[in-house]
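Down below is the structure, laid out as structure tokens.
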Amino acid sequence: VQLQAFGGGLVQTGGSLRLSCAASERTFSAYAMGWFRQAPGTEREFVAAITRNGGSTFYADSVKGRFTISRDNAKNTVYLQMNSLKPEDTAVYYCAADNTPLPPIASLFYRPETYENWGQGTQVTVSS
């Protein structure tokens, strides 16, 4: 599956952005989806994930209560609504997909190695 993330940009502290990730695959509903981010000089870190049917979602502690992941299987798209943005949220954000039937166990979704397919990333910059 090919993934294309977009929606990044420059926003002030406290602002909001919504990222989208469009998938090329008609069987999008067969894929668990995740969002990761990577700031310069750091490792890629987990942000949020959602199971294939959207029944379970997982979040990093750093974004819990501020970010919301959702999906629209009819549009082959996953979203990341980001509110109350902070300068430390500045990073390139990547969407990822995996079609392995995963049980809804959070630790499985946190790992970048779980995901077979990655988008190209979209830059999010939060100014102070």
Side-chain angles (χ1 to χ4, degrees):
V1 61
Q2 292 185 330
L3 304 172
Q4 185 173 6
F6 53 95
L10 173 64
V11 64
Q12 291 185 333
T13 296
S16 297
L17 283 174
R18 187 175 83 155
L19 305 184
S20 301
C21 175
S24 62
E25 190 68 37
R26 288 186 180 180
T27 57
F28 175 72
S29 60
Y31 289 82
M33 300 297 297
W35 285 98
F36 290 75
R37 66 187 182 187
Q38 189 168 18
T42 69
E43 293 186 353
R44 192 166 296 189
E45 67 170 354
F46 171 77
V47 176
I50 189 167
T51 52
R52 293 182 293 174
N53 64 0
S56 296
T57 56
F58 310 96
Y59 297 94
D61 288 343
S62 58
V63 306
K64 215 171 274 186
R66 300 188 298 122
F67 291 11
T68 302
I69 188 171
S70 62
R71 67 188 297 158
D72 185 339
N73 286 345
K75 296 183 178 180
N76 292 354
T77 301
V78 63
Y79 305 98
L80 185 68
Q81 177 66 44
M82 305 186 296
N83 298 329
S84 303
L85 282 162
K86 305 175 182 179
E88 51 263 44
D89 294 319
T90 295
V92 177
Y93 283 70
Y94 298 89
C95 59
D98 179 73
N99 66 350
T100 304
L102 297 172
I105 300 172
S107 59
L108 295 175
F109 291 83
Y110 294 169
R111 301 164 47 197
E113 313 86 81
T114 293
Y115 301 87
E116 301 172 339
N117 305 280
W118 291 83
Q120 84 288 2
T122 184
Q123 176 71 46
V124 171
T125 303
V126 185
S127 63
S128 56

Exactly one candidate in W35, Y59, F46 meets ring-ring contact (aromatic ring centres under 6.0 Å, His included) with Y110; the answer is F46
By side-chain hydrogen bond (donor to acceptor under 3.5 Å, both in side chains) - contacts of T13 (at least two apart) = none
Expected output: side-chain T57 to main-chain I50 donor-acceptor under 3.5 Å | no
Keeping the roles fixed (side chain from R71, backbone from T51), state whether a donor-acceptor pair exists under 3.5 Å.
-> yes
Residue pair S20 / T77: nearest heavy atoms and the distance that separates them = CB-CG2, 4.2 Å
Identified side chain to side chain contact (heavy atoms under 4.5 Å, CB included) partner of F36 from the options R44, E43, E45 | R44
Note, N117 side chain near Q2 side chain (heavy atom, < 4.5 Å) = no
Do any N or O atoms from the side chain of Q4 and from the backbone of Q120 form a donor-acceptor pair under 3.5 angstrom?
-> no
Rounding to 0.5 Å, atoms CH2 (W118) and OH (Y94) come to a distance of 9.0 Å
Between P101 and R52, is any pair of side-chain heavy atoms under 4.5 Å apart?
-> yes
Report the distance from atom CG of L10 to atom CD of Q123, rounding to the nearest 0.5 Å.
-> 9.5 Å
Closest contact, heavy atoms only, G121 versus V92 = CA-CG1, 3.8 Å
In terms of ring plane angle, is the pair Y93 and F67 parallel, tilted or perpendicular, where the classes change at 30° and 60°?
-> tilted
Specify whether F109 and F58 have parallel, tilted or perpendicular ring planes, treating 30° as the upper limit for parallel and 60° as the lower limit for perpendicular.
-> parallel
Would you find a donor on one side and an acceptor on the other, under 3.5 Å apart, between the side chain of S29 and the backbone of N73?
-> no
When you look at R37 and S62, which way does the side chain to side chain contact (heavy atoms under 4.5 Å, CB included) test go after all the steps?
-> CA-CA 12 Å; R37 66 187 182 187; S62 58; 3.5 Å; yes
Are any of the side-chain heavy atoms of V78 and I69 separated by less than 4.5 Å?
-> yes
Can you find a pair of side-chain heavy atoms, one from M33 and one from F28, that are under 4.5 Å apart?
-> yes
Given side chains that start at C-beta, do those of P112 and Q38 come closer than 4.5 Å, heavy atoms only?
-> no
Looking at OG1 of T27 and CG of N76, how far apart are the two atoms once the value is rounded to the nearest 0.5 Å?
-> 8.5 Å
Q12 atom CD, neighbour heavy-atom count above 12 within 6.0 Å | no
Are V47 and Y115 in one and the same hydrophobic cluster, where Ile, Leu, Val, Met, Phe, Trp and Tyr link if side-chain heavy atoms are under 4.5 Å apart?
-> no
Is V11 reachable from L19 through a run of I, L, V, M, F, W or Y residues, each pair having side-chain heavy atoms under 4.5 Å apart?
-> yes
Minimum-distance pair of heavy atoms, taken over all atoms of A97 and V1 | CB-CG1, 4.1 Å
Please list, one pair per line, the donor and acceptor atoms closer than 3.5 Å that link side chains of residues 79-87 to other protein atoms, with sequence neighbours excluded.
| residue | atom | partner | partner atom | Å |
| --- | --- | --- | --- | --- |
| Q81 | NE2 | N83 | OD1 | 2.9 |
| N83 | OD1 | S16 | OG | 2.9 |

